[in-house]
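Report on one structure; see the data block that follows.
Proteins get letters first, then strands, A, B, ... in listed order; numbering begins at 1 in each. Computed from a prediction, not measured in an experiment: that's the story for all the values here.
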2 protein chains.
Amino acid sequence: MNIGEIARRAGVSRSTVSYALTGKRPVSEATRRRIQDVIDELDYKPNAAARALAEGRTRTIGLVIPPAAARLTHMQLDFVAAVVEAAAKVDLDVLLSPSGGDHDRSFERMISGRRVDGAIVMEIRVQDARVERLLDEELPFVGIGHTARADRMCWIDVDYATLIGRCVHHLADLGHSAVALVNRSPELVASGYGPGLRAAEGFGAAVAERGIAGYAYLCGDDAASGRSVVERIRAEHPEVTGIATLNEAALPGVQHGLEDAGLRVPRDVSIVGVAAAQWAQDFRPPLTAADVPAQQMGAQAVELLVERIAAPDTIPRHILLTPPISLRSSSAPAPR
Amino acid sequence: MNIGEIARRAGVSRSTVSYALTGKRPVSEATRRRIQDVIDELDYKPNAAARALAEGRTRTIGLVIPPAAARLTHMQLDFVAAVVEAAAKVDLDVLLSPSGGDHDRSFERMISGRRVDGAIVMEIRVQDARVERLLDEELPFVGIGHTARADRMCWIDVDYATLIGRCVHHLADLGHSAVALVNRSPELVASGYGPGLRAAEGFGAAVAERGIAGYAYLCGDDAASGRSVVERIRAEHPEVTGIATLNEAALPGVQHGLEDAGLRVPRDVSIVGVAAAQWAQDFRPPLTAADVPAQQMGAQAVELLVERIAAPDTIPRHILLTPPISLRSSSAPAPR
DNA sequence: TTGTATGCGTTATCAT
DNA sequence: ATGATAACGCATACAA
């Protein structure tokens, strides 16, 4: 079923059908109805590929997610969900590309095949090949996270340096004098993962400012690693009574590890994190944390992208969020 | 950059370039090289929409996910991840459509716009408008889950009736004489959600067979509901010492609720579930559960779909999985 | 208000 | 082994 067939049955030309559909040209009420009847009868829908070819746009956006998708964190999952919902709301389809490094086939198909009108890229690294690729392909995009050269792109991010700093201050305020940072995985941070690097900075600055002892640990993004990082902290710095973290996935393991060591949260050890709100609430005990508004961010990313697609040559906008810390039950005054 | 430009610069016709690219017709080594050089130089990639239009296929599959995407369970997330990975592996792109009922715009775009060569539909209900739609549109698809008329479609599913039955038998074997089923949400089950209905059947059959007391409860897919269902169970049937569930999302709340009531797992109450393996392991205490191999299922769904796209008129294949229960730490002999 | 003709970038069917 | 050319289904500039 194509537009020609509709035109034939309605006794009009193809262009009239097309215009009746798009409304880009006035069509008399009579013929409009006649056409609509035929369309309804055969339930005709224009072919997306043909339309994309003729129109030069696909009405689709790409969403570039981390490749090891099975290990998406709650926060990442919330981003994906929010992006998909927000896109659907403005009648945009979402094409998923699981790609991290460069030269990824699905990423390349998306970009150079012009399968999408624009893209949202998750888990941006400080230097990111995908960003370079998108820039020189001149495809509109927005990052969730930003590169070192932040001015060249459109992005939305969370101010991890400040947030982890606030975690430290909160712990210091509670009287903790030795704290540890449980950062993301060694591989991720080594590859220049922005939040990891910035969290480390913020942590260093804050402990220096407060004059307390601070020890930064890298930790794999899984429960087992969380467990073992606790063992390392206990062995190397048993005086630590406060933990700041942005590693959601490790936290259940951290919790188990503390339990194994006979330590209770928050009586013996306080934990303060940066995490998705929903997740922080459901943690046990409910986690004192800077709640990252992942859903809102996903929706805003779509907004930014839509803007950018409409006006690709304006200067890139940025949004940097610094959500407040929500006090819950995982932090308490330092034990005496 | 289009194929014509490549042809011009290489001094050949467009068709020759096309054939050099697809290999569907022999091309002399000399011209092939010449063409390839031009292609590499301009890094030309064929336009996806044009190709789709000419070829009649999009090299894209649709993935229909539940609409309230923010609340995807771990198991659902694992499906999505597995599908995306498996699809990427065979150079298929994935278009996401968050749609539950019928008449969903993104679903309709996908189907009638012929944006995809086939689709994978998650969270199938016993009677499912999307399935009907796909059937009469004659678009190849496979369901994760099956309808009442299972023979008409291609699907892969988990045998919830049997698995929940096994949970009950496991509890009975441990001496529990009063058990409860924590099912999925009232809305979901009321709308004919297969796993919910089949779990209830399996539960009923098993408690009858063992001659123990069994109480089936519906429960929203969230922690708060989990908490309140425990309160209800405690109030109405305080003798219950065993819980069988397929409601992952409620389980943290169930756990909290039991704690609030001063009950410990598994000392006072045993919990046995049907859940994603990863999640069951990370639960506290590690959950005795039938581990749903979500990743494998996602990959198999893609395989089935690829098969079906290649041969749409063969009789539909089905895969019904019954993974064994993995004993972990959430189940123990009934308290005396 | 409506119709005609052309272009979008490929693939594929004829020819040669 | 290669070239011309007609689809593919729609949008739109140009005519009437």
Just the rounded figure in Å: distance from [atom2] of [N] to [atom1] of [X].
X	N	atom1	atom2	value
B:E29	D:dA1	CD	P	12 Å
B:L53	D:dG9	CG	P	7 Å
B:I6	C:dG9	CD1	C1'	12 Å
B:N2	C:dT11	CG	C1'	14 Å
A:R115	C:dG9	CZ	C1'	15 Å
B:R57	D:dC8	CZ	C1'	15 Å
B:L21	C:dG9	CG	C1'	13 Å
A:R8	C:dT2	CZ	C1'	19 Å

Of A:I3 and B:T16, whose nearest nucleotide on DNA chain D comes first from the 5' end?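 With A:I3 and B:T16 compared, the 5'-side residue is B:T16.
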
Is [X] touching bases, backbone alone, or none of the nucleic acid, heavy atoms closer than 4.0 Å?
X	value
A:G113	nothing
A:S28	sugar-phosphate
A:V17	nothing

Under the salt bridge (Lys or Arg N to Asp or Glu O under 4.0 Å) rule, collect the residues that match up with B:R9, sequence neighbours excluded.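 Result, salt bridge (Lys or Arg N to Asp or Glu O under 4.0 Å) vs B:R9: B:E5.
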
Counting side-chain heavy atoms from C-beta on, which of [options] comes nearest to [X]?
X	options	answer
B:E55	C:dA12, D:dC10, C:dT10	C:dA12
A:N47	C:dG3, D:dA4, D:dG9	D:dG9
A:A54	C:dT10, C:dC8, C:dG3	C:dC8

Between [N] and [X], is there an OP1 or OP2 to side-chain N/O distance shorter than 4.0 Å?
X	N	value
A:T31	C:dT2	yes
B:K24	C:dT11	no
A:S18	D:dC10	no

Give a yes or no answer on whether the side chain of A:S112 reaches the backbone of A:E108 with a donor-acceptor pair at less than 3.5 Å.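 Such a contact is found between A:S112 side chain and A:E108 backbone.
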
For A:E307, does its backbone N or O pair with a side-chain atom of A:R317 as donor and acceptor, under 3.5 Å?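 Not a single qualifying donor-acceptor pair exists.
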
Strictly under 3.5 Å: I want the nitrogen or oxygen pairs between protein and nucleotides 13-16 of chain D, one per line.
residue : atom : partner : partner atom : Å
D:dC14  : N4   : A:R25   : NH1          : 3.4

Between [X] and [Y], does any side-chain N to carboxylate O distance fall below 4.0 Å?
X	Y	result
B:D104	B:R130	no
B:D93	A:R115	yes
B:R152	B:E132	yes
B:D117	B:R59	no
A:E137	A:R133	yes

Tell me which of A:R34 and A:R14 sits closer to the 5' end of DNA chain C, going by the nucleotide each one is nearest to.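 Result of the comparison: A:R34.
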
